[in-house]
J.: 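My structure is below; once you've seen it, I'll send some questions.
All of these numbers come straight from a predicted model, not from anything done at the bench. Convention: sequence-line order gives letters A, B, ...; per-chain numbering from 1.
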Number of protein chains: 2
Amino acid sequence: MKSDSSFKESAAHSPRLTRHQQAVLDLLHQQTDALPAQELYSLLRQRQAIGLATVYRALETLKLRGLIKSRMGANGEAFYSLVVSDQHYLTCLQCGQSFPLDPCPVQELETHLQPSVPFKIYYHTLEFFGLCEPCVQSID
Amino acid sequence: MKSDSSFKESAAHSPRLTRHQQAVLDLLHQQTDALPAQELYSLLRQRQAIGLATVYRALETLKLRGLIKSRMGANGEAFYSLVVSDQHYLTCLQCGQSFPLDPCPVQELETHLQPSVPFKIYYHTLEFFGLCEPCVQSID
DNA sequence: TAAGCGAATGATAATCATTCTCATTATACT
DNA sequence: AGTATAATGAGAATGATTATCATTCGCTTA
Ligand SMILES: [Mn+2]
Ligand SMILES: [Mn+2]
Ligand SMILES: [Zn+2]
Ligand SMILES: [Zn+2]
């Protein structure tokens, strides 16, 4: 059998992913950082014909299935990544720079929390905000 | 002396808050939940003349001073609240409903983290996403 | 107190990510 | 193949936020 670079979903009752939904998911598998929808759209267009609305709809579908997640950036754009990725940041309110933080400090918490709530948890967001060293000084 | 319902800022080097900035801060002191800028604008207008742009600028100023914080809602609108408030939610990806979660599970973590990073932490965001009980079933 | 000046304000236009519309096309099933 | 259903794409619409820019405010100084 020949190798298959796509990542198939094995969910029991969910309908199969469409070609475009699969393409979006595959693309996210190749990324190390979360990307905005518009950026994913540009990257996808380099390889195939696809509409922007379709990208947004695919992202919505994948998110409802618990395969990907999104975090809202400061300027109202959403950044998408795989649910399995688990990266958090310190973000400067002044210059906007983000500094990665690892490991995830709430992974264990989520595991403990899940059994105690009537809610199926897919993922979490966690971010710290403040001022980076250079910006703290430039405020004076 | 007569009582003063406003909340004065005692920062050492920061310029005094303007009348409108103070009004925004006072209004946030009266809220139990985070509110979007547009909503704060409506509430403020009931008591005084003020421009929408001024509300946004006041919120930005107050945030840079570490007095208030904001979290981005799913639809791209920011919700503002006092930094001292510390409330997190479980949010359903399907119906959008939010369920409060207390106490804050990372307050202690933030305290431990602060000394180990070259960054002045003002506040954090933490949110869990997934499906609420009714929505889990309606998915099938 | 009057003049001067930089910051703050407000009305409005511009921006821009996201969502909506609807006609067209692909897919699943008989 | 023929029909029902879902997906797609082009472009318009939406709506929160930001940028403009002329005016006003607050404060210092003569
Ligand atoms: Mn995490
Ligand atoms: Mn908290
Ligand atoms: Zn910074
Ligand atoms: Zn729900």
J.: Measure the OG1-CZ distance between Thr54(A) and Arg57(A) for me, rounded to the nearest 0.5 Å.
T.: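 Output value for this atom pair is 5.0 Å.
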J.: Hey, would you say the Tyr123(B) and Phe129(A) ring centroids sit under 6.0 Å apart?
T.: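 For Tyr123(B) and Phe129(A), the ring centres are under 6.0 Å apart.
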J.: Identify the two heavy atoms, one from Leu126(A) and one from Pro105(A), that lie closest to each other, and give their separation to 0.1 Å.
T.: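 Taking every non-hydrogen atom into account, CD2-CD, 3.7 Å.
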J.: Working note: Gln107(A) + His124(A), criterion side-chain contact (heavy atoms from CB on, under 4.5 Å); need CA distance, chi angles, decisive distance, verdict.
T.: CA-CA 9 Å; Gln107(A) 193 51 256; His124(A) 60 261; 4.0 Å; yes
J.: Going by atom types alone, do Ser70(A) and Lys63(A) pair a side-chain donor with an acceptor below 3.5 Å?
T.: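 There is such a pair (donor and acceptor under 3.5 Å, judged by atom type) between the side chains of Ser70(A) and Lys63(A).
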J.: Considering all heavy atoms of both residues, which atom of Glu127(B) and which atom of Thr91(B) are nearest to each other, and what is their separation?
T.: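 Looks like OE2-OG1, 2.9 Å.
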J.: Could you write nucleotides 7-25 of chain C as a row of B, S and -, 5' to 3', where a protein heavy atom under 4.0 Å of any base atom gives B, of only sugar-phosphate atoms gives S, and otherwise -?
T.: -SBBB-----SBBBB----
J.: In whole angstrom, what separates Leu40(B)'s CG from dA16(D)'s P?
T.: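 Nearest whole value for this atom pair: 13 Å.
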J.: Five pairs at each end of the helix from dT1(C)-dA30(D) to dT30(C)-dA1(D): take the axis at both ends and give me the angle between them to 10°.
T.: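 The helix from dT1(C)-dA30(D) to dT30(C)-dA1(D) shows an end-to-end axis angle of 30°.
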J.: If you look only at pairs with a residue in residues 75-96 of chain B, which of them pass as a salt bridge (Lys or Arg N to Asp or Glu O under 4.0 Å), with sequence neighbours excluded?
T.: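 For residues 75-96 of chain B, and leaving out neighbouring residues, there are no salt bridge (Lys or Arg N to Asp or Glu O under 4.0 Å) pairs at all.
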J.: Taking all non-hydrogen atoms of both residues, which atom of Leu93(B) and which atom of Glu60(A) are closest, and how far apart?
T.: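 Closest pair (atom of Leu93(B), atom of Glu60(A), distance): O-OE2, 4.4 Å.
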